[in-house]
Structure formats: C-alpha cells, structure tokens
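Take a look at the structure set out below.
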Amino acid sequence: MRSANPPIWLATGNKQKVDEAKAILEKYGIPVRQLNIVKTEIQSFSLEDVARYASEQISESSKQRLLAVEDSGLFVSSLNGFPGPYSSYVHKTLGVQGVLQLLANQHDRRAVFQCALALSGPGFRTKIFTGTVPGRIASRAEGSSGFGFDPIFIPNGARLTFAESGRDVKNKYSHRALAFRKLAAWYGKRWPSSHLSPNGALK
Ligand code: IMP
C-alpha cells in the first residue's frame with residue numbers, strides 16, 4: 001500500500017545526517033529514508049546552488065520521489081568565511097585540529113554553521129530551505145557526540161560544544177534542524193495528516 005505521507009529520500013552517505021533528519025521529521029509524521037548514492041558536487045560558493053544541482057540531477061532518475069540533498073558548511077569570521085563551502089575537504093585534510101591551529105591566538109572566534117536543503121519531487125519546482133546557527137569556535141576540541149566540526153562549535157548562548165551537549169540539544173538549535181523544520185512546515189501544508197497525532201490533534 002502507498003503511504004499517505006510520502007517519505008523524504010535524503011541523498012547522503014552520512015548516516016549521522018540521516019539520524020538527525022529522522023529525529024526531527026519523524027516527530028511530524030514524515031518518514032525519512034537514506035539514499036546512499038554518489039552525488040555530483042559542483043564548485044560553487046553557494047551551498048544552495050550545490051544542493052539544488054545535486055537534488056535536481058538525482059531526481060531526474062527517480063522523478064516520483066521526494067528527493068532531498070543538503071549541503072552544509074562552517075563559516076569562520078576571522079578567516080573571511082573559510083572553510084564555508086569547502087568544509088568537507090578541510091575537515092578531511094586539516095581536520096578539527098587544523099582549524100584550531102588556524103585560529104591560534106585569534107580572539108575573534110565567531111563562526112556560523114549554515115545549511116541549504118534542496119527538495120525536488122513531482123508537481124513542484126525545487127524548494128530550498130535554509131538554516132543558520134551562530135556561535136564560536138572553542139579553544140580546544142571537546143565531546144564525542146555528532147560528527148565533523150561538532151567538537152569545536154559552541155552555539156551562541158551555550159557553554160558546551162555540539163559534541164558535548166549531544167544530539168537532542170543539537171537538534172533543537174542546529175542549522176540542519178532549522179532547515180528541516182522549515183521543510184516540515186512546507187510538507188504539513190501538502191500532507192496535513194502528517195502533522196496530526198492519532199487523536200487528530202496537531203502535533
Ligand atoms: P557536507 O554538507 O556533507 O558537504 O558537509 C560539509 C562538512 O561540514 C562536513 O564534512 C562536516 O565536516 C561539516 N559539517 C556539516 N554539518 C555539520 C554539523 O552539523 N556538525 C559538524 N560539522 C558539520
């Protein structure tokens with residue numbers, strides 16, 4: 001039987017991104033599936049362009065699905081926004097310690113995480129949902145939860161890194177959580193039953 005609420009297929013090899021998406025969207029009754037597929041990442045300063053291109057390209061071969069691609073980056077103020085769209089490469093090459101070294105003796109530790117989430121599917125033009133979380137780079141890596149730069153990112157108003165505070169806290173404030181909640185709001189308008197509890201009340 002076809003599900004009344006169609007799943008969001010998240011194209012990523014990163015299981016932790018899928019877990020974060022599930023923790024957020026499944027509260028709204030929106031099923032999430034992982035599509036583990038190699039994506040084409042275009043060279044662009046714009047996370048939105050990167051996510052949109054990959055989403056539309058993958059969607060070409062499975063037009064009936066709701067297909068989502070998200071692209072995120074860490075933008076450090078004192079490095080003029082670096083690594084930004086190159087965050088994945090910088091994480092693989094310099095790593096968390098390399099970023100800390102770039103900021104050694106730097107008083108301005110401000111940084112933001114940004115997320116662009118592209119959704120393609122039948123009957124609508126690709127939608128982009130964005131999320132930004134401002135914060136600062138810690139003086140050293142702390143915590144073991146999450147992935148990527150979580151051990152060195154402290155969101156504004158907090159004292160702990162995302163990696164120390166854990167998934168539930170991260171999913172309240174993160175760039176990805178904000179973008180996925182916007183997607184949930186859009187989805188709820190098209191499939192209103194997704195936002196209803198079994199007793200018919202809004203979730
Ligand atoms: P992409 O969206 O997979 O290209 O992510 C780029 C890189 O940014 C990742 O490899 C991570 O290093 C980093 N990144 C993206 N989102 C997060 C996050 O939520 N926490 C920590 N690092 C992240």
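Whatever order the structure lists them in is the order used to number ligands and atoms, beginning at 1. Small disclaimer: the values here were computed from a predicted structure and weren't measured. Here, residue 1 is the first one in the sequence, and each next residue gets the next number.
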ask   = Is the shortest heavy-atom distance from the side chain of W9 to the side chain of S62 under 4.5 Å?
value = no

key: 4.5 Å side-chain heavy-atom contact, L67 and L35   = yes

ask   = Do Y187 and L25 come close enough that some side-chain heavy atom pair is under 4.5 Å?
value = no

inquiry  = Side chains of T130 and C115, heavy atoms from C-beta outward: is any pair under 4.5 Å?
reply    = no

key: Passing option when W186 is tested against F124, F180, Y28 for ring pair (Phe, Tyr, Trp, His ring centres under 6.0 Å)   = F124

query = So which residues, sorted by chain and number, lie with a heavy atom under 4.0 Å of ligand 1?
reply = K17, E41, E70, D71, S72, S87, S88, H91, F113, F147, G148, F149, D150, K170, H175, R176

query = Looking at residues at least two apart in the chain, or sitting in another chain, which of them share a salt bridge (charged side-chain N to carboxylate O under 4.0 Å, His left out) with R190?
reply = none

